[in-house]
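Notes to accompany the following structure.
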Amino acid sequence: MIFSPVNREIEIVNGIETVEIHYDAMSIYGSSIGLLIKMILYYINVYFLSRFIDQKAFGKYVIFLLITISIAFVLDYLKSGFIYGFGFYVFETFLVNVWLYIFFVGISFVHLMILRWQKEEALKLRLKEDRLTAELNLLKSQINPHFLFNALNNMLSIAEKHQQTEVSSSIAQLSDMLRFLLSVSYTHLRAHETRH
């Protein structure tokens, strides 16, 4: 509920109407308790009932949400009854509370959707980084530079021994190309590891 006035004084001076509204401490306490009840409903929806959405149990989510709203309504009614008297809780008060509950549940649902979107984006990013790490690790495991360069050096020495200049030139070019590719892969891997 919004702060409810205890009384209103209307004074008309020279045709100008002045309205003074007076509040008491109970009105402020009542409104604060009502706001607290709605905030608790908000956080219950965002942090507890959202588990049913994660489990794809939408029926349970709706049922428990309605139960939680009903409990909040009862608490709000009891609060108003004890503070203002049970006759105070008229139909207009009920309608105001309905709109306030719709507002709080709606905002909590938007908050819940934002949290779920952030969680999904973080998961996508983590999966992408894990895939990149796995690919780099696979590349590292597949290429053993020492073995490749030893094999190429052996082939180069055999080609030079038999005076096969075209073969030895091709092996030297292949060796340079592999050295370049390995240095690029190593630089990329180091850059990825320093980010984590």
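Nothing here was measured: the structure is a model prediction, and the numbers come from that model.
Between Glu160 and Ser168, the shortest heavy-atom distance links the atoms CG-CB, 3.9 Å. Shown here for Leu65 and Leu49, the closest heavy-atom pair between the two residues is CA-CD1, 3.7 Å. Here the closest non-hydrogen pair linking Ala159 and Val167 is CB-CG1, 3.8 Å. For Asp76 against Gly34, the heavy-atom pair with the smallest separation is OD1-CA, 4.2 Å.
The neighbour count for Phe180 CZ, taken as heavy atoms of other residues, nucleotides or ligands under 6.0 Å away, does not exceed 12.
By the 4.5 Å heavy-atom criterion applied to side chains, Leu41 and Phe73 are not counted as neighbours. Annotation: side chain of Asn97 is in contact with side chain of Leu100 (closest heavy-atom distance under 4.5 Å). Inter-residue side-chain proximity for Phe64 and Ile69 is flagged as unmet; no heavy-atom pair is nearer than 4.5 Å. Side-chain contact between Met113 and Val110 is absent, with no heavy atoms from C-beta onward closer than 4.5 Å. You'll find the side chain of Ile107 stays beyond 4.5 Å of the side chain of His111, heavy atoms only. Using a 4.5 Å heavy-atom cutoff, the side chains of Gln118 and Leu115 are in contact. Annotation: side chain of Ile63 is not in contact with side chain of Phe52 (no heavy-atom distance under 4.5 Å).
Checking side-chain atoms of Tyr101 against main-chain N and O of Ala72 turns up a donor-acceptor pair under 3.5 Å. The backbone N or O of Glu166 sits less than 3.5 Å from a side-chain atom of Ser170, completing a donor-acceptor pair.
In the hydrophobic clustering of this structure, Leu132 does not group with Leu125; members are Ile, Leu, Val, Met, Phe, Trp, Tyr whose side-chain heavy atoms approach within less than 4.5 Å, directly or through other members. No continuous path of hydrophobic side-chain contacts links Trp117 to Leu127 [ILVMFWY only; heavy atoms under 4.5 Å]. Note on Phe103 and Leu75: same hydrophobic cluster, where clusters join Ile, Leu, Val, Met, Phe, Trp and Tyr whose side-chain heavy atoms are under 4.5 Å apart, directly or indirectly.
The ring-ring contact (aromatic ring centres under 6.0 Å, His included) check on Tyr61 picks up nothing, with sequence neighbours excluded. Looking at residues two or more places apart in sequence or on another chain, you find no side-chain hydrogen bond (donor to acceptor under 3.5 Å, both in side chains) involving Ser175.
In this structure, CD in Glu121 is found 9.5 Å from CG in Leu123, a value given to the nearest 0.5 Å. Taking OG from Ser169 and CG from Leu174, the interatomic distance works out to 11.0 Å, rounded to the nearest 0.5 Å. Atoms OG and CD1, from Ser32 and Ile37 in turn, are 11.0 Å apart once rounded to the nearest 0.5 Å. Atom CZ of residue Phe104 and atom CE of residue Met39 lie 7.5 Å apart, to the nearest 0.5 angstrom. The distance from atom OH of Tyr43 to atom OG of Ser50, rounded to the nearest 0.5 Å, is 13.5 Å.
A side-chain contact (heavy atoms from CB on, under 4.5 Å) with Thr68 holds for exactly one of Asn45, Val105, Ile44; it is Ile44.
Under a 4.0 Å N-O distance rule, the pair Arg126/Glu129 does not qualify as a salt bridge.
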